[in-house]
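Here is the structure we will look at.
From a predicted model like this one, the values you see are computed outputs, not experimental measurements. Naming convention: chains lettered A, B, ... in sequence-line order (proteins, then strands); numbering from 1 in each chain.
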Number of protein chains: 2
Amino acid sequence: MPDKPAGESTLSSVKNSLRILNSFTNEEPEKRVIDLANELQLGKSTVSRLLSTLASEGFVTKDPETQKYRLGLRILTLNSIVIANLEVNKEARPILRNLVNETGEAAHIAVLENQEVVYTEQIECSHPVRILSYVGRRNPVHCTSSGKLLYAFLDRVAIVKLLQQELKAYTPNTITDPDILKKELMEIKQAEFCYSDCEFLQDVVSFAAPIRDYTGKVIAAISLVGPKHRILKHQHSTIKNKVIKAAKEISRNLGYMA
Amino acid sequence: MPDKPAGESTLSSVKNSLRILNSFTNEEPEKRVIDLANELQLGKSTVSRLLSTLASEGFVTKDPETQKYRLGLRILTLNSIVIANLEVNKEARPILRNLVNETGEAAHIAVLENQEVVYTEQIECSHPVRILSYVGRRNPVHCTSSGKLLYAFLDRVAIVKLLQQELKAYTPNTITDPDILKKELMEIKQAEFCYSDCEFLQDVVSFAAPIRDYTGKVIAAISLVGPKHRILKHQHSTIKNKVIKAAKEISRNLGYMA
DNA sequence: CATCGCCGTTCCTCTATATGCAACGAGCTT
DNA sequence: AAGCTCGTTGCATATAGAGGAACGGCGATG
């Protein structure tokens, strides 16, 4: 199968097993061998063997009745290790909680991975009306406050790479013009703050500020999210200040002296 | 490397990559290439390549400074899928919460995987003194209330297999005699209830009852855990009843008609 | 400041191994 | 009951992964 010139040298069977794991989603948490074979363009037997290897280590489980495979409990165990060792989160949690109490809206910690934003911590708000999210969720970068903010602090190369990609429109407000986005990224870096006005989800606004480690490097973002109709214009500056304050506090706890 | 007769046919490179993932623990969340090579008896170069493949899919991350590898954020994403699709947990959470409120002690949902108990849900108690646990934790079966309970409902073959293993003593109270354990398992099945008296952790007692799906099959256990000095003898029967009641309620929500 | 030693990565060769095909078998459907 | 779909297993072949060696980067040490 000498198809892909392979961006990096990579072990194909391992890669394929990971692709299988990655292919499960909330929408399709269960799959059959043949589904995976089609989806990933692999032979039935190959997928079958990959799955049984994955199953032998608990990464997937086979439903004994439906024969379908789903992600296994091993993931829970690995997750607890990841969570326990995310330094930022430990420091952030109480401050995040406080921010949520003060503002009444949900807050997150987010980091970049590849070209996506991953939320590593979430404190929900108490309103019955909530924006659905969860730890581990991945969102695009060009239309979320945390995404834009984190990208703003990356080097020129990374930004150019982002701008070359297609900027998919999720709402009428999504910024799809590379030049406009570039300009905004520069402003964000300057302001150390980002506001997103329904650019990803309809009627949802968000605010983000950078979290720095002791070297001053931006390692994560704190973001606050809520429905637009609940967060009125005149509250914006208060919220902005609170978010920035929280971000600074977390940074300070991580050893950043500014 | 034709060492292991290989219980089941298995893809070695995939298996090794999973062994790498599994080797990370809370105690050792970061490892170097050479550590892994020694630990898993593989060549440096092999481990290096496995790791970079794992990294390319986000399953591990390399700390750019220390060169050490740790589990990656992809795990968080997979975890959210696992969690969202654990039927039992959805039904159990509110009931668990209620149980914790009534008793003041922590409660868990547990299932079996291989020869271990895995906790899939946890509600902590509000006491400052807590038994440390977390979702994803794996405990031995022969000395925990949920482990013994779940094993009690397995078939003869599985029980025999368990009894053949060495029953490691974690405390003076741990049951290490296969015959005694066998007898107790039968009693547990009869009583649909299990009590564990400091058999795994010193000064920690726990209570467990079975959760059944609509077919009547025992698919999980509910367990309540607390420090022995706080849970007095005269409270035992009340707690037992509450735990059993909670388990029945969850089972009912899963469609089990007793 | 230079040398040494450690560790991660890359290169190369060889063989073990993962793949695809085909056949088998189990479970549903009609 | 027969026919279908789908998952697993066996087998032969080509390939891709393992291991050894060498390189290169980094930090320690004298």
In whole Å, what is the span from the [atom1] atom of [X] to the [atom2] atom of [N]?
X	N	atom1	atom2	answer
A/Arg49	D/dG10	CZ	P	11 Å
A/Lys15	C/dT19	NZ	P	15 Å
A/Leu50	D/dA16	CG	P	14 Å
A/Arg32	C/dC28	CZ	P	13 Å
B/Lys44	C/dT9	NZ	P	10 Å
A/Asp35	D/dG7	CG	P	7 Å
A/Gln67	D/dC4	CD	P	21 Å
A/Leu42	C/dC21	CG	P	12 Å

Donor-acceptor under 3.5 Å (B/Asn38 side chain, B/Ile34 main chain): yes

Side chain A/Asp155, main chain A/Val157, donor-acceptor under 3.5 Å: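 Present.
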
Earlier contact from the 5' end, DNA chain D, for A/Leu51 and A/Ser13: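 Nearer the 5' end of the strand: A/Leu51.
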
Phosphate OP1/OP2 of C/dC7: any B/Tyr69 side-chain N/O under 4.0 Å: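 B/Tyr69 to C/dC7 OP1/OP2: no side-chain N or O under 4.0 Å.
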
Under 4.0 angstrom between A/Ser12 side-chain N/O and D/dG17 OP1 or OP2: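 Yes, because at least one side-chain N or O of A/Ser12 sits under 4.0 Å from OP1 or OP2 of D/dG17.
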
Touch class at under 4.0 angstrom, heavy-atom based, for A/Ser45 against every strand present: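 Answer is base: heavy atoms of A/Ser45 come under 4.0 Å of a base.
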
Taking only the side-chain heavy atoms of [X] (C-beta and beyond), determine which of [options] contains the nearest atom.
X	options	value
B/Lys62	D/dG17, D/dC6, C/dT9	C/dT9
B/Ile34	C/dG8, D/dG17, C/dT9	C/dG8
A/Thr46	C/dG8, D/dT8, C/dG20	C/dG20

Any side-chain donor near an acceptor of the partner, B/Asn16 and B/Arg19, under 3.5 Å: yes

B/Lys31 atom NZ: more than 12 heavy-atom contacts under 6.0 Å: yes

A/Phe59 and B/Leu18, any side-chain heavy atoms less than 4.5 Å apart: yes

